[in-house]
Amino acid sequence: MNKFRTHNCNELTKKNDGQEIILSGWINKKRDHGNLLFIDLRDNYGVTQCIIDKSNSSFKDLEKIQLESVIKIKGKVVKRSKETINNELLTGEVEVNINSFEILGACNELPMPVFSDQEYAEEIRLKYRFLDLRRKKIHNNIILRSKVISFIRNQMIKLGFLEFQTPILTSSSPEGARDFLVPSRLNPGKFYALPQAPQQFKQLIMVSGFDKYFQIAPCFRDEDARADRSPGEFYQLDLEMSFVEQENIFNVVEKLMVNLFKEFSKKELLNEKFPRIPYEESMLKYGSDKPDLRNPLLIYDLTNIFTREDVSFDIFKKLVKSGNKVRCIVTKNTKNKPRNFFDSIDKWAKEQGASGLAYFTLEKDKTISAKGPVGKFFKEDSLKEIMKITSAEVGDSIFFACGKIGEVEKICSLARTKIAEDLDLIDENKFAFCWIVDYPMFELDEVTKKIKFSHNPFSMPQGEIKNIDFNKPLNIKAFQYDIVCNGIELSSGAIRNHIPELMYKLFKVAGYEKSQVDEKFSGMINALSFGAPPHGGIAPGIDRIVMLLANEKNIREVTMFPMNQNAQDLMMNAPSNVDEHQLKELGLSIKIKK
RNA sequence: GGGGGUGUAGCUCAGUUGGUUAGAGCGAUCGCCUGUCACGCGAUAGGUCGAGGGUUCGAGUCCCUUCACUCCCGCCA
């Protein structure tokens, strides 16, 4: 028999009536009636109401005991009278009459309440994370995370994948995020890097002939945090498959996501076969490569309208002449919205750094006209053309943005979200997945004006190798894809380039000589020249998946021991100073810029 | 690196146009209370108003500087 408990705090029902039992747990709440004391005893599983009155010699001691102390009680289960049953608790039909108790772990005065639905400042929550994690909501989030991971693991194994660990101490890579560096004692002056992802290793696993690999992999990137991005470290469901095309990977991941989201959420899936949206189309229609498909609003290009004779909106016409684009968003049946609705959106756009959003509403008397500050610049025929392009109808309103293509995409994307929120168009009870496909292999770096890899340098370019025009690198598309849910990017993936000659050519475009590629990616490039299978994969972010399933907006709500925005662990005091002798042993000295 | 928000009791917050001794709820301590489940009632303690400087007869409130937390941009192949 266990000396601490015969039952947990969520087990006792009227079936246990009359039994002598032992419970251990935290004091969740006390209700002291002077001569009668109720104690809600809590553990991981639930809460049981325990009761003691002044005739018991332990009464005075229990009255004084701090909340959140850990105690063990011995007592007898009794049925509650009908009017005192608590239907909120699974154990609410019974209570435990305390005979004796023992303090197992005393509790000091609490820096923050545990039993409360109140929101608290992150700082105090992170410093006392062990207390925060006792609270119901986050406790359940962390349990959900555990269940999600074990579900994924089971599914992957069922699908024939093998789970492997890959090194945590590896080498720094020139592409991508900043690395976390670890100095090497045995090799003074040299550094390991923590992996940004097990990218090269998983490809090497394919070259080694293991066919299907997965791992719940820790990834480390020294970049700034966001609400949906932990500083420092996060987890991916890293997977890779040999002898596959893009669609084979989509099928595996779609099946996994559908099963997972059905298992752990009541929300409906908008599509069980996720739409495939080419990158260019996504940038046009949504202004973003991570569109929220719950949002019904679409973006249309109206640049050509502003070359017409019967449009006299000169500011936009001038901008269009010098190569700028005009994009618009149509809102259905908004003719009766107050002026304030439109102006507040225009004002908001200015706050976002745009030059504002022009707008008008389509009306019909005898002829079609546009009402609003810029309406007078559009003759009827031009309005008809706009209606044709955008499927807008009389009574609808149109918001315009004009600028360089990147700027106009960005503001339209933000406006699409903002307007949909204002009009309450987003169905919070749905999950809308999609694939974004056909990413460009290269892009122009705005600062250096040099060609660089737009995503992963190891991706396979599309088309026959002999037909690829390396002189027009910006036209080369890759078998590179993202999976997106509700506007959150869950993952990037790709069919990999397993042909060394092709790899050298692509790196050449991005400014790397053969010798540099050989040096920086020695493991990979070497391996690919000894019989590499065609392969590809993807790596959905575990934290973001759990965040969606838990209906949280912040990744720290599904992370057990997160760091704050400045990548500090307030509980463990990391990062911290180290002793001089540690530095000496590593051949390091500290120079801090002032 | 840049922009926004926040900072008042252990916790969550209020504090008007600059004006007497800075308040409330929860928590803590003490007392009363035998059916509560956010128990109830009464009392007490608890404050560098994030920090520094300035304006003023007078600053939680206005100005400047700075720090911390947070959200966003940059960044994240």
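Sequence lines set the chain letters: A, B, ... in the order given, protein chains first and strands last, and positions in each chain run from 1. In what follows, every heavy atom counts, from backbone to side chain, and hydrogens, waters and symmetry copies are set aside. What you see is a predicted model, and the numbers here were worked out from it, not measured in a lab.
In the model, E557(A) has no side-chain atom that pairs as donor or acceptor with a side-chain atom of N554(A) under 3.5 Å. With hydrogens and angles left out, the side-chain atoms of N295(A) and Y286(A) include no donor and acceptor closer than 3.5 Å. When only modelled atom types and interatomic distance are considered, R31(A) and Q49(A) share a side-chain donor-acceptor pair under 3.5 Å. Between the side chains of D179(A) and Q196(A), at least one donor N or O sits under 3.5 Å from an acceptor N or O.
Distance check on atom C1': C67(B) versus G52(B) gives 10 Å, rounded to whole Å. U56(B) sits 32 Å from C69(B) when the C1' atoms are compared, rounded to a whole Å. Spacing of C1' atoms, U21(B) relative to U66(B), comes out at 31 Å, to the nearest Å. Separation of the P atoms belonging to U12(B) and G7(B) is 11 Å when rounded to the nearest angstrom. With C1' as the reference atom, U17(B) and G58(B) are 15 Å apart, rounded to whole Å. The same atom, C1', is picked in C75(B) and in G54(B); the two are 38 Å apart, to the nearest Å. Of the P atoms belonging to U36(B) and C13(B), the separation is 32 Å, rounded to the nearest Å. The gap from the C1' atom of U8(B) to that of U61(B) amounts to 12 Å, rounded to the nearest Å.
Distance from the side chain of E109(A) is smallest to A28(B) among A28(B), C72(B), C71(B). For N564(A), taking side-chain heavy atoms from C-beta onward, the closest of the listed nucleotides U29(B), C71(B), U70(B) is U70(B).
In this entry the distance linking NZ of K30(A) with C1' of C33(B) reads 15 Å, nearest Å. Going from atom CG of D117(A) over to atom P of G27(B) covers 14 Å, rounded to whole Å. Atom CD in E123(A) sits about 15 Å away from atom P in C67(B), given to the nearest Å. Distance L126(A) CG to C69(B) C1': 10 Å, rounded to the nearest Å. Distance NZ (K29(A)) to P (A38(B)): 9 Å, rounded to an integer number of Å.
Checking U44(B) for Watson-Crick or G-U wobble geometry (two distances, each under 3.5 Å) identifies A28(B) as its partner. Pair assignment for A68(B): U6(B), on the basis of Watson-Crick or G-U wobble contacts that are both within less than 3.5 Å. Under the Watson-Crick or G-U wobble criterion, with both distances below 3.5 Å, G1(B) is paired with C73(B). Remark: U61(B) base-pairs with no nucleotide; criterion is Watson-Crick or G-U wobble with both hydrogen-bond distances under 3.5 Å.
The closest donor-acceptor contact from the side chain of N86(A) to the backbone of G92(A) lies at 3.5 Å or more, if one exists at all. The backbone N or O of S576(A) sits nowhere less than 3.5 Å from a side-chain atom of N573(A) that would complete a donor-acceptor pair. The backbone N or O of E513(A) sits less than 3.5 Å from a side-chain atom of Q516(A), completing a donor-acceptor pair.
Between F453(A) and Q565(A), the one whose closest nucleotide on RNA chain B sits nearer the 5' end is Q565(A).
Ion pair E93(A)/K79(A) not flagged as a salt bridge, since none of the NZ, NE, NH1 or NH2 atoms sits closer than 4.0 Å to an Asp/Glu carboxylate oxygen.
For RNA chain B, none of the residues of residues 478-493 of chain A falls under the heavy-atom distance limit of 4.0 Å.
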Any protein N or O atoms within reach of nucleotides 34-37 of chain B? Criterion: under 3.5 Å, listing atom names and distances.
residue : atom : partner : partner atom : Å
U34(B)  : OP1  : N35(A)  : ND2          : 3.3
U34(B)  : OP2  : N35(A)  : ND2          : 2.1
G35(B)  : N1   : E95(A)  : OE2          : 2.8
G35(B)  : N2   : E95(A)  : OE1          : 2.6
G35(B)  : N2   : E95(A)  : OE2          : 2.9
U36(B)  : O4'  : H33(A)  : NE2          : 3.3
U36(B)  : O2'  : R31(A)  : NE           : 3.4
U36(B)  : O2   : R31(A)  : NE           : 2.6
U36(B)  : O2   : R31(A)  : NH2          : 3.2
U36(B)  : O2   : Q49(A)  : OE1          : 3.3
U36(B)  : N3   : Q49(A)  : OE1          : 2.9
U36(B)  : N3   : Q49(A)  : NE2          : 3.0
U36(B)  : O4   : Q49(A)  : NE2          : 2.9
U36(B)  : O4   : R80(A)  : NH1          : 3.2
C37(B)  : O4'  : R31(A)  : NE           : 3.0
C37(B)  : O2   : Q49(A)  : OE1          : 3.3
C37(B)  : O2   : N86(A)  : ND2          : 2.9
C37(B)  : N3   : R80(A)  : NH1          : 2.9
C37(B)  : N4   : T84(A)  : O            : 2.6

Which protein N or O atoms sit under 3.5 Å from an N or O of nucleotides 1-7 of chain B?
none

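No side-chain heavy atom of N28(A) sits under 4.5 Å from any side-chain heavy atom of L67(A).
Donor-acceptor pairing under 3.5 Å, judged by distance alone, is present between the side chain of R229(A) and the base of C76(B).
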